[in-house]
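The basis for the numbers below is simple: all heavy atoms, side chains too, and nothing from hydrogens, waters or symmetry mates.
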Amino acid sequence: GYGWAYQPNGGYWYYNTSWEIAASPGAAVRSAFAGVVQTIEPDPTLGLSVAVESGGGVVADYSGLSKAQVTVGQQVSAGTVIGQLGNAPSGSKKPRLRFAIRQGSQPVDPSAYLQAAAR
């Protein structure tokens, strides 16, 4: 979840600015919101990352992908498959999607945005 979390492998606390959602490798990752694909970038620790801008400076980041199924500049609807989940990130035993929301450059808890989208 979002907020303070304990890292048992390193024995320290850190502030997690995302949700980490466990899933199987190859699972379809869908956009939570309608918007425009802003970036698709590799990350050596997290795997492939796709950012979808949904207006008003709100950007959803989806990291941990093995494959993107969208292109930069593409319009997506909520529920559009944007990629496939990859293998477990380095230092982890479980594959997971890292889902983060930014308002401008500030990370925010995804809970409020998902609750609003569900209405």
Original post:
Between atom CG of L97 and atom CG of L46, what is the distance when rounded to the nearest 0.5 Å?
Top reply: 10.5 Å
**OP:** Any chance you could measure L48, atom CG, to Q84, atom CD, to the nearest 0.5 Å?
**Re:** 11.0 Å
**OP:** Considering non-hydrogen atoms only, spot the tightest contact between L85 and A23 and give its length.
**Re:** CD2-CB, 3.4 Å
**OP:** Pick out which of V72, V29, L65 makes a side-chain contact (heavy atoms from CB on, under 4.5 Å) with V50.
**Re:** L65
Subject >> Hydrophobic cluster identity match, F99 and V36, side-chain contacts under 4.5 Å >> reply: no
Would you tabulate the side-chain donor-acceptor contacts of residues 54-63 under 3.5 Å, counting partners in other chains and residues two or more places apart, or write 'none'?
{"residue": "S54", "atom": "OG", "partner": "V58", "partner atom": "O", "Å": "3.4"}
{"residue": "D61", "atom": "OD1", "partner": "R102", "partner atom": "NH2", "Å": "3.4"}
{"residue": "D61", "atom": "OD2", "partner": "R102", "partner atom": "NE", "Å": "2.9"}
{"residue": "D61", "atom": "OD2", "partner": "R102", "partner atom": "NH2", "Å": "3.4"}
{"residue": "Y62", "atom": "OH", "partner": "A32", "partner atom": "N", "Å": "2.8"}
{"residue": "S63", "atom": "OG", "partner": "S49", "partner atom": "OG", "Å": "3.0"}

For [X], side-chain contact (heavy atoms from CB on, under 4.5 Å) partners two or more places apart:
X: V108; result: I101, Q103, Y113
X: T39; result: E41, A51
X: A78; result: none

Subject >> Contacts of D43 that satisfy side-chain hydrogen bond (donor to acceptor under 3.5 Å, both in side chains) - sequence neighbours left out >> reply: none
Subject >> All side-chain hydrogen bond (donor to acceptor under 3.5 Å, both in side chains) counterparts of E20, not counting sequence neighbours >> reply: R96
Subject >> Any pair counted as salt bridge (Lys or Arg N to Asp or Glu O under 4.0 Å), so long as it reaches residues 68-86, sequence neighbours left out >> reply: none
**OP:** Can you tell me which residue pairs pass the side chain to side chain donor-acceptor pair (under 3.5 Å) test with a partner in residues 24-38, sequence neighbours excluded?
**Re:** none
